[in-house]
Chemist: 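Can you keep this structure in mind? I'll have questions shortly.
Note on naming: letters A, B, ... go to the chains in the order of the sequence lines (proteins, then strands), and numbering restarts at 1 for each one.
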Amino acid sequence: MFTREQNEILTRVGPGTPMGDLFRRYWLPFLISSELESDGPPKRVRLYGENLVAFRDSKGRVGLLSRYCAHRRADLFFGRNEECGLRCTYHGWKYDITGKVLELPAEPDDSPLLKEVRITAYPTREAGGVIWAYLGPSELEPKELPQFDWMHVPDTHRCVTKRLQQSNWAQAVEGGLDSSHVSFLHRTFTSVQQQVTTKEGHLVQRPIYMVKDTKPRFFIHKTDYGFMIGARRIASDTEYYWRLSQWLAPSFTIVPSSEGRPITGHVWVPIDDETCWAYTISWHPDRPLTKDEYEEYGGGEQIHAAVDENFRPHANKDNDYLIDREMQRKENFTGIVGVGIQDMSVQEGMGAIVDRSQEVLGLSDTAIVTWRRMMIEGAETLKTANETPLGIATPRAYRVRSGAILLDKDADVFKIMMEKLAPAFA
Amino acid sequence: MFTREQNEILTRVGPGTPMGDLFRRYWLPFLISSELESDGPPKRVRLYGENLVAFRDSKGRVGLLSRYCAHRRADLFFGRNEECGLRCTYHGWKYDITGKVLELPAEPDDSPLLKEVRITAYPTREAGGVIWAYLGPSELEPKELPQFDWMHVPDTHRCVTKRLQQSNWAQAVEGGLDSSHVSFLHRTFTSVQQQVTTKEGHLVQRPIYMVKDTKPRFFIHKTDYGFMIGARRIASDTEYYWRLSQWLAPSFTIVPSSEGRPITGHVWVPIDDETCWAYTISWHPDRPLTKDEYEEYGGGEQIHAAVDENFRPHANKDNDYLIDREMQRKENFTGIVGVGIQDMSVQEGMGAIVDRSQEVLGLSDTAIVTWRRMMIEGAETLKTANETPLGIATPRAYRVRSGAILLDKDADVFKIMMEKLAPAFA
Amino acid sequence: MFTREQNEILTRVGPGTPMGDLFRRYWLPFLISSELESDGPPKRVRLYGENLVAFRDSKGRVGLLSRYCAHRRADLFFGRNEECGLRCTYHGWKYDITGKVLELPAEPDDSPLLKEVRITAYPTREAGGVIWAYLGPSELEPKELPQFDWMHVPDTHRCVTKRLQQSNWAQAVEGGLDSSHVSFLHRTFTSVQQQVTTKEGHLVQRPIYMVKDTKPRFFIHKTDYGFMIGARRIASDTEYYWRLSQWLAPSFTIVPSSEGRPITGHVWVPIDDETCWAYTISWHPDRPLTKDEYEEYGGGEQIHAAVDENFRPHANKDNDYLIDREMQRKENFTGIVGVGIQDMSVQEGMGAIVDRSQEVLGLSDTAIVTWRRMMIEGAETLKTANETPLGIATPRAYRVRSGAILLDKDADVFKIMMEKLAPAFA
C-alpha cells in the first residue's frame, strides 16, 4: 500500500522538496537545440517549479537564468539578446550566461552594484540534439553528461520531438515502465505494428506474441544506471519472447523496438508538479533515419506526437484526444490516434496528480512498484545520508539500448542482453 | 436570519455532508435516456461532487460506476463499452454494471484480484424518459421511484430537456418555489403568455391578474411529498386568483400552467456545490404534445432552453445571457429571451453560492423560508436520529400536478385543489 | 530592504486593509463620463475589491451601488434603469442613487421594509470627463475634488482613455514615477519622439539628451499634493536638462512633455489587488486638441492604448504584447508598439503582485523609494493616529503641470518650475 505521504514525496519537485533535491542532482534536457538561435529570441523555461529564461548568446553558448531581472523583477523573456548578454527592457541591465551583470546603464559608472549583482544562472550543455541543465549545488555538478547512445550518433541518425503533458511527471514515467499496457492501450485490430526476428532468422509479427500472451511476467534486473525490465511472454513450449526496456535514473526510458527499426527512448522532465515535458528520441545506431521515418514521427501517428507551436499536441485533454468511438469499435483499442496520445489519454485522465493510495496493483505492476521504492529511497537517503544518487557516478553506463528477442526457456536473458544492448565506447 | 453555518449546511452536498447524505437517500435523474445507447460511448457523470461514468450495456442496462479504474485509476470515460461491460483502455480491466470486475487480461488466470476487485457502482433505473440514480446506503434503497405524473404518460406526451446551471442547486430550487418573481422577471410588455379559465368557463389572460396584483400572499400546505404553495391574488371583490405550485422533496417542482396546456416541472440535480443540472419536463396527461410544442421547447423561447451539445445554454453567464437593453426597455422586463434563461440570469448572478446571511427577506419569501427550514431539519434529523427523509415512504404521493384557478374568497383552496391535482393510480 | 510585510501593506486595498482605508479617503475616477448615459445600461464596477454597479439616472445623476440587491442578492447589473432608479429584475425592488429603496412591488404597501431597506451607495461627482467616487466614511468626504489642471479646460482640449492592466496598482504607479526607464523601455532607434526648446529658443530633439545621458540623477521635492521628481541630465558643461514629473497622492502622475505639445497624466485606480485601470489624460491648457492628436491617442501608438470594447488592450499579456523580435532588433528597444503597452509588458511581467523583497534597487529608484515610504507612512499614521492623508486638505494644490527645461547648472530648478507649472486659479 502506497500512502498519501509517500505519494507526496514521490511527486513533488519544487525547490526544497526531497524529490526536487534528487532531480537537481541530475543533468536533464530542457530544450531542443533548435529552439534557440544565436542572438535570437529568449525562451521561457519552467523547470522543477522554477521560472527561468533561456537564450543563446552571440558565441552560441546557452544561458539559463532566473526569469526576473535582479533590479525590479521585470520579465527577462521580453529582454534583448545582444552581444553576449541578455538585456532587460526596463532599465537596460545586461547579464551574461553566468548570471553576472555586465552593464547598468541607468546607474553611475562607479556603482557598487556592478560587482555585486548576479542572478540565478544554471549551467547548461548541449548534446544529442538537446540542451541540458543542472540545477543542483555547483560543487556537485557531474562532470560528464549521462552518455546516452543517442548522443553518440550523427544528427542525421536521430529525431527528437517533445510534447506538453498535463500531468505529474511520475505517472508519465510509470507509463514508460509499464510494458504490460502495450497489449491493450496500443493494440490495433487491423495493422501490423512491429516485427521481430526469430532465432532462425524469420521475421515474425510482434502482435502474435503480444496478443496471444497478454499476461507477461516481469523481471527486474538492477544496473548502475537504473534497471532493465524483462517482460516475458510464452512463445512456444520451449521458448519465451522477451521484451527488454530500460529505466535510467531519474526519468529516462528506452523501449523495445523491432530489429532493424530505429530505437526509441523517452525523457520526462518535470515542469512543475502538474505538468511535464515528454521528450521522445528515436535513433538508429547505424544509419540515417529515412525521409519516411522523419515524416512518420512528425505526423504523430506513432510514438511521436503532432504538436502546435508551443509543443502542445493537437489531440489533447480539452478535446478528449479527438477520440473517435467508431474507430474504437473497429480499428484500435482506444479510438485515439498515436501511441504518445494514447499514453496521454490514460496518464492525464487520472488527474494532475493521481492518488496512488487508491490503487489496486497486480503482478503486471512489478516494475512500477520497484521503481517507486527506489525513487523514494533515493530521495530519502540523499536527504538523510547525502548519498550520491543512482547513476551519477557512472555516466557511461547509460549507453544502453533496448530490444526484443526469442530465447530458449532456460537461457539467461539478462546476461545475453546486457552484452547485446550495451555498445562499447569507441 | 439565516446564518453562514446554516448556509453551509443547506448548500453543500459532497460525500459526508449533512445535505449530501440527505440527497443520497432519494432517487434523482442524472441523464436523459437518449444520452446513452447500448454498447455506445460512455458518458461522464458528476453527481453530488462525485466523478462517475455511465454506460448502457449490451442488454440495455445502465451502469453508473466510479470514473476511475480500480487498478491505476485511468479514466473509464475513455473505456470500451463491449459485451456487457466497460473495459479500461489501459490494461483491459473490465467491469459490469454492478462494478464487479469481469476480466483482468494482464493478470494471471488465478489472480485473487478477480474475486476481490470491485469499483463503486450505483443502482440506476429508467422511467419517464430519464435515468435515475440512488447513491445512498444499499440497504435503504427505496423500492419504488417517486411516481411522478410525467412517468405515467406515453413518451409522446412528454418532452424532457436539461441545461447546465452554474450555481448551487439550492438557489435554483428557490427560484422554482418563488411564485412572486413571475410578475417581474418573466413579464412581457407586448404578448399574452398564458390563459386561465374562469369558473364561468371563459378564457382569461393570466397577465390580467399577474400584473394587476403584483403582491400575492403565499400559503403553504404541507403534504406527504413536500408542500403545495398557494399564491393568492385578488381577482375581484369576491374572488381570488390562485396559482398552486408543488415542491416535492428534495428538489423537484411543478409550476402552474394554463388549462389545456402541457404542465411543466423541474428537477435540480446537484453536480457539485457550484453547478447543477436543471431538468425541465413538460407533459400533457391526456394527449401527445404537438409538433409546435416540441419546437417551442427546443427553441428555448419559453421555459426550456436552447443548449449546445454539452447542454450549456447558448445564452449564458459568459455572454451576459445575450441581454438586449433595447428589448429590456420595450419588450420585456429583462431584455433576455426565455423563461429558463431569465431564471439563470438572476440565480447565477448571485454568485456560485449566494451568502444568505446578507439577505433581507419579505413576505413574498414565505415558501422559501419554510423550505430552507424543512431541508435543514431533514438533514439534521437524518444525521442525529436517522429519521427517514420526507417523501421516501410515500412514492405514490408524488403523482400530483399544479394548477391555477379562480375561486370565491371563502373557498378551501387546498382541499379543492388536492383532489383536482392528484390523479388516482389506475 | 523592503520586507514582505511592507509589500503586503503597500499593495492590498480591500475593505479593512491599511492601504484600502487610505485610498478610500480620496476621490478617484472610476468611469469615463461617456460610459454612462441617462436611463442607459448599468455598468459593472469593481473598485478596491468591492463589486458595484453604476448607472446614470433620468436626471443625469450617477449612482454607484452595491452590485447585489438587498433582497435575495440578484445582480443589479441586469437591472432596469428607469425613472430615477435602478430596478432589480428578480422582484422589482427599485433603488435611487443614494441606495434607498423606492419601491417593493412584491411586498404589501405597508411593508416596514420600505423604510428600512438601503443598500451600499457611494457618492459620485463628475469633472474632467470622468466620474469620481469616494468610498470612505461619509463624514470625512472631501468637499472639493482635487483640482487637476485637466479639469479646468474645455472638453475639446482633453482626451481621456483607459486600459485594463493585469497587475497590482502599485507597480503601475512606480512605472509612472520612474523617469529613468524612458531612456530604455521607450527608446526608438529610428524616429524622433519629442522635442525641447533650448533657452535660446531652438528646437532640440529630446533623444539627444535622453540617449546621451542615460544616467540621470533624481531629486525629490515634496509638496502639498505629493512630490515633484526632477530628473537631471548633463546637457553641456554649463547646463542641465531637467525633466520634471509630478506625483499627486495617492496614484496620479503627470509626465513631462515637449513644449507646445499636450501634457499627459495618469491615474491608476485599483480594481482589486491584482488588476487596475490605467487612465491616461492628455490635455492642452490653451487650445483644442487636433484631429491628428485624437487619432494618435486612439491608435495606441503612443502613450494611449488601443483597446477592445471592455478596455482591454489588443496587445496584452496573452499574446506577449504582440512582440516582434525583428522590430526589437532594428526599430525599438522592446519590439512592442506603444508607450503604454511597453509599460504594461514590464509591469505585468513581474507577476500580479511583485515581490519587492527580492529587488536590488539603485540610484535610479530614488523616487520609488521615497514614494513607498510615504505611502506606507500615510497608511500607518491614518490607522494609528487618524491623520488626514496627504493632499486631502489642499485640493487646489493639485493644479500643476509637468515640464522639461534646459537650465544653467546653478539654477534653482524647483523654484523656477514650481511657478511655471502651477497656473493660478482664475
Chemist: Who among B:Ser111, B:Pro112, B:Gly79 has the most heavy-atom pairs with chain A under 4.5 Å?
Modeler: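 Ranked by contacts with chain A, first place is B:Gly79.
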Chemist: Heavy atoms only, distances under 4.5 angstrom: which of B:Pro41, B:Ala74, B:Ala106 has the most pairs with chain A? Name it, please.
Modeler: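 Ranked by contacts with chain A, first place is B:Ala106.
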Chemist: Against chain B, work out which of A:Glu359, A:Glu348, A:Arg356 has the most heavy-atom pairs shorter than 4.5 Å and name it.
Modeler: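 The answer is A:Glu359.
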Chemist: Any idea which heavy atoms bring A:Val360 and B:Val117 closest together, and the distance?
Modeler: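 Heavy atoms only, the tightest pair is CG1-CG2, 4.0 Å.
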Chemist: Between B:Phe78 and A:Ile323, is a side chain to side chain contact (heavy atoms under 4.5 Å, CB included) present by the stated rule, with each step listed?
Modeler: CA-CA 8 Å; B:Phe78 295 108; A:Ile323 190 169; 3.8 Å; yes
Chemist: Is there a side chain to side chain contact (heavy atoms under 4.5 Å, CB included) between A:Met350 and B:Tyr90 once you walk through the steps?
Modeler: CA-CA 11 Å; A:Met350 298 165 184; B:Tyr90 208 172; 3.4 Å; yes
Chemist: Which is it for B:Arg80 and A:Gln328 under the side chain to side chain contact (heavy atoms under 4.5 Å, CB included) test, yes or no, and what are the steps along the way?
Modeler: CA-CA 7 Å; B:Arg80 301 177 60 78; A:Gln328 186 175 29; 3.4 Å; yes
Chemist: Let me know if B:Tyr68 has heavy atoms under 4.5 Å from chain A in its side chain, its backbone, both or neither.
Modeler: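 Only the side chain of B:Tyr68 comes within 4.5 Å of chain A.
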Chemist: So what's closer than 4.5 Å to chain A heavy atoms on B:Arg67: side chain, backbone, both or neither?
Modeler: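 When you check distances to chain A, no heavy atom of B:Arg67 falls under 4.5 Å.
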Chemist: Is A:Asp178 salt-bridged to B:Arg72, cutoff N-O under 4.0 Å?
Modeler: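 Yes, charged N to carboxylate O under 4.0 Å.
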Chemist: What's the shortest heavy-atom distance between A:Arg329 and B:Gly40, and which atoms?
Modeler: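 Taking A:Arg329 first and B:Gly40 second, the nearest heavy atoms are NH1-CA, 4.4 Å.
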Chemist: Would A:Arg325 and B:Phe77 count as a cation-pi pair here, with the cationic atom under 6.0 angstrom from the ring centre and within 45° of the axis?
Modeler: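 The answer is yes, since A:Arg325 meets both limits relative to B:Phe77.
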Chemist: Passes side chain to side chain contact (heavy atoms under 4.5 Å, CB included), B:Arg87 versus A:Phe333? Steps please.
Modeler: CA-CA 10 Å; B:Arg87 191 187 287 281; A:Phe333 206 71; 3.5 Å; yes
Chemist: Give, as side chain, backbone, both or neither, the part of B:Asp39 having an atom under 4.5 angstrom from any heavy atom of chain A.
Modeler: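 Answer is backbone: N, CA, C or O of B:Asp39 sit under 4.5 Å from chain A.
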Chemist: Are B:Arg73 and A:Asp355 ion-paired here, with the side-chain N under 4.0 Å from a carboxylate O?
Modeler: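 Salt bridge: no.
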Chemist: Work out which heavy atom in B:Pro108 is nearest to a heavy atom in A:Leu363; give both atom names and the distance.
Modeler: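 Result for this residue pair: CG-CD1, 3.3 Å.
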Chemist: Quick check: does any side chain N or O of A:Lys215 sit under 3.5 Å from a backbone N or O of B:Asp109, one acting as donor and the other as acceptor?
Modeler: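 Pair absent, no side-chain N/O of A:Lys215 close to backbone of B:Asp109.
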Chemist: Under 4.5 Å between any side-chain heavy atoms of B:Thr89 and A:His181, yes or no?
Modeler: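 Sidechains of A:His181 and B:Thr89: no contact.
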Chemist: Hey, does the side chain of A:Gln358 reach the backbone of B:Ala70 with a donor-acceptor pair shorter than 3.5 angstrom?
Modeler: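 A pair under 3.5 Å: no.
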Chemist: Please classify the contact of B:Cys69 with chain A as side chain, backbone, both or neither, using a heavy-atom distance under 4.5 Å.
Modeler: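 Looking at B:Cys69, nothing touches chain A.
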Chemist: So does B:Glu141 have more than 12 non-hydrogen atoms from other groups sitting under 6.0 Å from CD?
Modeler: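 Atom CD in B:Glu141 is crowded, with more than 12 foreign heavy atoms closer than 6.0 Å.
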Chemist: Any Lys/Arg nitrogen of B:Arg44 or A:Asp320 sitting under 4.0 Å from an Asp/Glu carboxylate oxygen of the other?
Modeler: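 So B:Arg44 pairs with A:Asp320 through a salt bridge.
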Chemist: With a 4.5 angstrom heavy-atom cut-off, could you sort out which part of A:Glu174 is near chain B: side chain, backbone, both or neither?
Modeler: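 A:Glu174 touches chain B through backbone and side-chain heavy atoms alike.
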Chemist: Taking all heavy atoms of B:His91 and all of A:Ser180, pick out the closest pair and write down the distance.
Modeler: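 Heavy atoms of B:His91 and A:Ser180 come nearest at CD2-OG, 3.4 Å.
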Chemist: Less than 4.5 Å to any heavy atom of chain A: does that hold for the side chain of B:Leu104, its backbone, both, or neither?
Modeler: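 When you check distances to chain A, only backbone atoms of B:Leu104 fall under 4.5 Å.
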